[in-house]
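Data block below; observations after.
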Amino acid sequence: MVQHLTNETFKEKVFNYTDSKDWKFEGSKPAVIDFYADWCGPCKMVSPILDELSAEFDGKIDIYKVDTEAERELAGAFGIQSIPSILFIPKDGQPQMAQGALPKDTFIRAFKDVLKVEK
């Protein structure tokens with residue numbers, strides 16, 4: 001199931017960006033973070049896709065959402081300029097950001113190529 005993150009839960013589950021400038025992923029499995037806003041049309045298109053993927057990849061990938069309106073500090077820390085912005089976080093290595101409403105097959109390809117996860 002897609003989980004909503006606040007600034008505090010982001011620091012616990014993903015990365016404590018106030019303590020360290022060097023990326024250190026806190027999660028136990030690869031993750032995807034959707035930076036969105038409720039008023040954003042393309043974000044509304046991505047949301048049901050992420051819900052489907054959350055069920056299909058249950059136990060393999062954590063899927064999170066961050067409301068950029070409510071979590072301005074967090075969005076600012078990641079330089080979010082446009083939404084939706086999707087952060088793909090492999091278990092090891094650096095995260096990669098994608099922007100725009102991605103279709104489901106693009107997410108699945110990124111899961112394989114960036115996160116090294118397949119169904």
Side-chain angles (χ1 to χ4, degrees):
M1 190 166 126
V2 177
Q3 301 173 54
H4 288 261
L5 294 178
T6 63
N7 195 19
E8 288 308 308
T9 56
F10 183 92
K11 291 177 188 178
E12 292 168 17
K13 295 182 177 189
V14 181
F15 171 54
N16 190 336
Y17 63 89
T18 55
D19 282 0
S20 175
K21 297 299 171 221
D22 294 325
W23 177 258
K24 181 186 178 302
F25 182 46
E26 301 294 342
S28 59
K29 56 188 162 219
V32 175
I33 301 175
D34 173 22
F35 290 90
Y36 78 100
D38 288 333
W39 51 261
C40 164
C43 300
K44 291 176 184 173
M45 292 170 19
V46 168
S47 189
I49 294 170
L50 289 176
D51 288 340
E52 284 177 32
L53 291 169
S54 177
E56 291 175 26
F57 287 84
D58 188 35
K60 295 182 177 182
I61 296 175
D62 287 324
I63 298 180
Y64 301 115
K65 291 176 80 73
V66 172
D67 182 345
T68 57
E69 296 287 296
E71 304 298 337
R72 291 180 186 272
E73 178 188 335
L74 181 52
F78 279 84
I80 303 300
Q81 300 287 324
S82 64
I83 50 176
S85 285
I86 314 293
L87 186 63
F88 294 95
I89 306 170
K91 181 73 183 92
D92 299 306
Q94 292 297 307
Q96 293 184 31
M97 187 75 78
Q99 289 167 335
L102 305 176
K104 186 174 180 180
D105 64 327
T106 301
F107 275 105
I108 292 171
R109 192 170 36 237
F111 289 2
K112 181 181 179 203
D113 296 344
V114 179
L115 304 181
K116 310 295 184 220
V117 174
E118 295 187 62
K119 285 189 199 174

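Keep in mind it's a predicted model, so treat the numbers as computed, not measured. Numbers for residues simply follow the sequence, beginning at 1.
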Q: Measure the shortest side-chain to side-chain distance between Pro42 and Pro84 over non-hydrogen atoms and say whether it is less than 4.5 angstrom.
A: yes
Q) Any disulfide (SG to SG under 2.5 Å) pairs touching residues 68-119, not counting sequence neighbours? A) none
Q.
Could you see if Val66 belongs to whatever hydrophobic cluster contains Met45? Use Ile, Leu, Val, Met, Phe, Trp, Tyr and a side-chain cutoff under 4.5 Å.
A. no
Q) Atom CE of Met97 and atom OG of Ser85: how far apart are they, to the nearest 0.5 Å? A) 5.5 Å
Q.
Among residues at least two apart in sequence or on other chains, which ones pass side-chain hydrogen bond (donor to acceptor under 3.5 Å, both in side chains) with Gln3?
A. Lys13
Q: Quick one: list whatever passes salt bridge (charged side-chain N to carboxylate O under 4.0 Å, His left out) with Lys11, sequence neighbours left out.
A: Glu8
Q: Not counting sequence neighbours, list each pair that qualifies as a disulfide (SG to SG under 2.5 Å) and has a residue in residues 47-100.
A: none
Q: Take Glu26 and Glu12 through the test side-chain contact (heavy atoms from CB on, under 4.5 Å) and record every step on the way to the result.
A: CA-CA 7 Å; Glu26 301 294 342; Glu12 292 168 17; over 6 Å; no
Q: Kindly say whether Gly27 contributes a backbone atom to a donor-acceptor pair with the side chain of Lys91 at under 3.5 angstrom?
A: yes
Q | By ring-ring contact (aromatic ring centres under 6.0 Å, His included) - contacts of Phe25 (at least two apart) | A | none
Q: Please answer whether the main-chain N or O of Tyr36 pairs with a side-chain N or O of Thr68 as donor and acceptor at a distance below 3.5 Å.
A: yes
Q) Would you call Asp51 and Ser47 a side-chain contact if the rule is heavy atoms closer than 4.5 Å? A) yes
Q: Please list, chain by chain and in numerical order, all residues satisfying ring-ring contact (aromatic ring centres under 6.0 Å, His included) with Phe10, sequence neighbours excluded.
A: Phe78
(Q) Please say yes or no: joined through hydrophobic side-chain contacts below 4.5 Å, possibly via intermediate residues, are Tyr64 and Trp23 part of one cluster? (A) yes
Q.
Running the 4.5 Å side-chain criterion over Ile, Leu, Val, Met, Phe, Trp and Tyr, what cluster does Val46 land in, apart from itself?
A. Val2, Val32, Ile49, Leu50, Leu53, Phe57, Ile61, Ile63, Ile86, Phe88, Leu102, Phe107, Ile108, Phe111, Val114, Leu115, Val117
Q.
Please list all pairs meeting disulfide (SG to SG under 2.5 Å) that have one or both residues in residues 71-119, counting only residues at least two apart or in different chains.
A. none
Q) Mind checking what makes side-chain hydrogen bond (donor to acceptor under 3.5 Å, both in side chains) contact with Thr6, not counting sequence neighbours? A) Thr9
Q: Not counting sequence neighbours, list each pair that qualifies as a salt bridge (charged side-chain N to carboxylate O under 4.0 Å, His left out) and has a residue in residues 59-81.
A: Lys29-Asp62, Asp34-Lys65, Glu69-Arg72
Q: Step through the shown structure and confirm whether more than 12 heavy atoms of other residues, nucleotides or ligands are within 6.0 Å of CD on Gln96.
A: no
Q) Can you get from Leu5 to Met1 by hopping between Ile, Leu, Val, Met, Phe, Trp and Tyr side chains that sit under 4.5 Å apart? A) no
Q.
Taking salt bridge (charged side-chain N to carboxylate O under 4.0 Å, His left out) as the cut-off, I'd like each qualifying pair that reaches into residues 107-119, sequence neighbours left out, listed once.
A. Glu56-Lys119
Q) Do any pairs count as a disulfide (SG to SG under 2.5 Å) and have a residue in residues 36-66, sequence neighbours left out, and if so which ones? A) Cys40-Cys43
